[in-house]
Novice: 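One structure, as structure tokens, below. Some questions next.
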Amino acid sequence: MSAADYVIPALVQPALPVAGTTKLFPVRRIWCVGRNYLEHIREMGNDERLPPFFFAKHADMIVPSGATIPFPSLTKDCQHEVEMIVALKSGGANITPDKALDHVYGYGVAIDLTRRDLQTASRKKERPWEIGKSFDNSAPCGALRAASEIGHPAKGRIWLSVNGTLRQQGDLSEMIWNVPEIIAQLSQQVTLGAGDLIMTGTPAGVAALAPGDVIECGIEGLEPLKVAFAKG
Ligand code: MN
């Protein structure tokens with residue numbers, strides 16, 4: 001394929017930086033785990049015993065660390081959810097938990113930005129979640145660190161602050177479904193592939209954001225992430 005084969009210019013491949021290198025990780029799909037930390041399930045008033053479920057964001061919704069983004073449209077309750085992202089270097093269907101980590105390239109920090117009012121309204125109407133979860137700039141993502149360098153984090157502090165005030169804090173060890181189990185479950189639903197990102201759920205403390213807010217977050221051992229909303 002060359003540029004002349006396309007009726008409009010071919011799209012730029014979304015990608016994440018890899019910390020400590022000049023290389024990029026190309027992004028294929030973004031999957032997100034619905035509920036994965038007990039305290040967050042409790043604060044949302046949801047059933048603690050249900051298996052995980054997944055929704056998607058588009059790769060071009062990624063925002064790099066350091067960016068200032070417009071406050072999202074339509075919402076009066078845009079909330080932050082800090083999450084660890086798992087980046088896959090390979091994939092497949094029906095992956096077993098014992099083989100799942102063989103497919104992981106590395107890990108990073110992300111925010112699953114959520115228009116909570118629109119998500120809640122769509123859920124009440126039994127409509128899909130896109131309007132609440134999948135919108136422009138809804139996936140701020142920090143640089144990745146390679147598993148070959150840092151291993152596979154299963155514990156460590158995860159936190160998020162807004163304008164310097166701590167809002168979310170937890171530990172990766174509090175995940176109900178661990179990374180191998182998440183990969184195994186998701187690979188039953190879709191065939192996973194190289195370039196896929198999985199957001200692994202958020203700890204308690206989700207809350208509303210406002211124009212002008214500066215959001216900083218991190219996970220022990222991973223690259224931190226910082227984004228800001230433009231002033232209203
Ligand atoms: Mn989330």
Novice: State whether the side chain of N36 and the backbone N or O of M175 hold a donor-acceptor pair below 3.5 Å, judged by distance alone.
Specialist: no
Novice: Using side-chain heavy atoms (C-beta onward) and a distance below 4.5 Å, is Q185 in contact with F54?
Specialist: yes
Novice: With the 4.5 Å side-chain cut-off for hydrophobic clustering, are I182 and L172 part of the same group?
Specialist: yes
Novice: Test side-chain hydrogen bond (donor to acceptor under 3.5 Å, both in side chains) on N94 and S187; report intermediate values, then the result.
Specialist: CA-CA 5 Å; N94 301 312; S187 76; 5.4 Å; no
Novice: Does any part of the side chain of L222, heavy atoms only, come nearer than 4.5 Å to the side chain of I150, both counted from C-beta?
Specialist: yes
Novice: Ignoring hydrogens, what is the shortest heavy-atom contact between A110 and M199? Give both atom names and the distance.
Specialist: CB-CE, 3.9 Å
Novice: Just verifying a value: how many Å separate T202 OG1 and E43 CD, rounded to the nearest 0.5 Å?
Specialist: 8.0 Å
Novice: Consider only side-chain heavy atoms of I, L, V, M, F, W and Y, link residues closer than 4.5 Å, and tell whether I30 and M61 are in one cluster.
Specialist: no
Novice: Could you check if a side-chain atom of L186 sits within less than 4.5 angstrom of a side-chain atom of L192, using non-hydrogen atoms only?
Specialist: yes
Novice: Between atom OG of S90 and atom NZ of K99, what is the distance when rounded to the nearest 0.5 Å?
Specialist: 12.5 Å
Novice: Could you state the interatomic distance from NE2 (H103) to CG (L88), rounded to the nearest 0.5 Å?
Specialist: 8.0 Å
Novice: What's the shortest heavy-atom distance between H80 and G205, and which atoms?
Specialist: CE1-O, 3.4 Å
Novice: What do you reckon, is CZ of R127 surrounded by more than 12 foreign heavy atoms closer than 6.0 Å?
Specialist: no
Novice: Is there a donor-acceptor contact under 3.5 Å from the side chain of K57 to the main chain of L113?
Specialist: yes
Novice: Are L144 and M84 connected in the hydrophobic side-chain network, where two residues link if heavy atoms are under 4.5 Å apart?
Specialist: no
Novice: Evaluate the ring-ring contact (aromatic ring centres under 6.0 Å, His included) criterion for residues F53 and W129: first the C-alpha distance (whole Å), next the side-chain angles of each, then the deciding distance (0.1 Å), finally the verdict.
Specialist: CA-CA 12 Å; F53 63 93; W129 278 19; 5.3 Å; yes
Novice: Is any side-chain heavy atom of I85 closer than 4.5 Å to one of C141?
Specialist: yes
Novice: What do the steps show when you test D171 against S173 for side-chain hydrogen bond (donor to acceptor under 3.5 Å, both in side chains), and what is the final call?
Specialist: CA-CA 5 Å; D171 194 282; S173 63; 2.8 Å; yes
Novice: Taking V63 as the starting point, is it possible to reach I219 by hopping between hydrophobic residues whose side chains are less than 4.5 Å apart?
Specialist: yes
Novice: Got Q119 and K133 here, is their nearest side-chain heavy-atom distance under 4.5 Å?
Specialist: yes
Novice: Decide yes or no on side chain to side chain contact (heavy atoms under 4.5 Å, CB included) for R167 and W159, but give the supporting numbers first.
Specialist: CA-CA 8 Å; R167 290 264 194 98; W159 60 274; over 6 Å; no
Novice: Does Q169 have any side chain to side chain contact (heavy atoms under 4.5 Å, CB included) partners at least two apart in sequence or in another chain, and if so, which?
Specialist: R157, L166
Novice: Verify, without hydrogens or angle tests, whether E83 (side chain) and I111 (backbone) share a donor-acceptor contact under 3.5 angstrom.
Specialist: no
Novice: Between A147 and H152, what is the shortest heavy-atom contact and its length?
Specialist: CB-CE1, 3.7 Å
Novice: So which atom in P64 and which in V227 form the shortest heavy-atom distance, rounded to 0.1 Å?
Specialist: O-CG1, 3.9 Å
Novice: Can I131 and R115 be said to form a side chain to side chain contact (heavy atoms under 4.5 Å, CB included), step by step?
Specialist: CA-CA 7 Å; I131 194 168; R115 297 192 285 206; 4.0 Å; yes
Novice: V104 versus D102: any side-chain heavy-atom pair under 4.5 Å?
Specialist: no
Novice: Side chains of E130 and F135: closer than 4.5 Å at any heavy-atom pair?
Specialist: no
Novice: Could you tell me the separation between the CD atom of Q79 and the CG atom of L209, rounded to the nearest 0.5 Å?
Specialist: 8.0 Å
Novice: Return the orientation label for the F229 and F71 ring planes: parallel under 30°, perpendicular over 60°, tilted otherwise.
Specialist: perpendicular
Novice: For residues V109 and I215: do they belong to one hydrophobic cluster (side chain heavy atoms under 4.5 Å, members Ile, Leu, Val, Met, Phe, Trp, Tyr)?
Specialist: yes
Novice: Pick out which of P14, S134, S138 makes a side chain to side chain contact (heavy atoms under 4.5 Å, CB included) with H58.
Specialist: S134
Novice: How far apart are the closest heavy atoms of V82 and P203, and which atoms are they?
Specialist: O-CD, 3.5 Å
Novice: Carefully, step by step, assess V162 and L160 under the rule side chain to side chain contact (heavy atoms under 4.5 Å, CB included).
Specialist: CA-CA 7 Å; V162 179; L160 179 143; 3.8 Å; yes
Novice: Compare every heavy atom of Y107 with every heavy atom of G151, then report the nearest pair and how far apart it is.
Specialist: O-CE1, 3.6 Å
Novice: Determine, for R116 against E81, whether the closest basic-nitrogen to carboxylate-oxygen distance falls under 4.0 angstrom.
Specialist: yes
Novice: Is the number of heavy atoms from other residues, nucleotides or ligands under 6.0 Å of N46 CG greater than 12?
Specialist: yes
Novice: To the nearest 0.5 Å, what is the distance between NE2 on H40 and CG on L38?
Specialist: 11.5 Å
Novice: Using only atom types and a distance under 3.5 Å, with no angle test, would you say the side chain of T114 pairs donor to acceptor with the backbone of D112?
Specialist: yes
Novice: Show, in sequence, the C-alpha distance, side-chain angles and deciding distance for T96 and D98, and conclude whether the side-chain hydrogen bond (donor to acceptor under 3.5 Å, both in side chains) test is met.
Specialist: CA-CA 6 Å; T96 55; D98 62 306; 2.7 Å; yes
Novice: Donor-acceptor pair, distance only, cut-off 3.5 Å: does the side chain of E181 make one with the backbone of N178?
Specialist: yes
Novice: Step by step, work out the salt bridge (Lys or Arg N to Asp or Glu O under 4.0 Å) result for K76 and D117.
Specialist: CA-CA 7 Å; K76 292 185 169 56; D117 44 356; over 6 Å; no
Novice: For residues T200 and V86, determine if any side-chain heavy atom of one lies less than 4.5 Å from a side-chain heavy atom of the other.
Specialist: yes
Novice: Between R29 (side chain only) and G195 (backbone N and O only), is there a donor and an acceptor less than 3.5 Å apart?
Specialist: no
Novice: Within this structure, what is the CG-CG distance for the pair L197 and L16, rounded to the nearest 0.5 Å?
Specialist: 5.5 Å
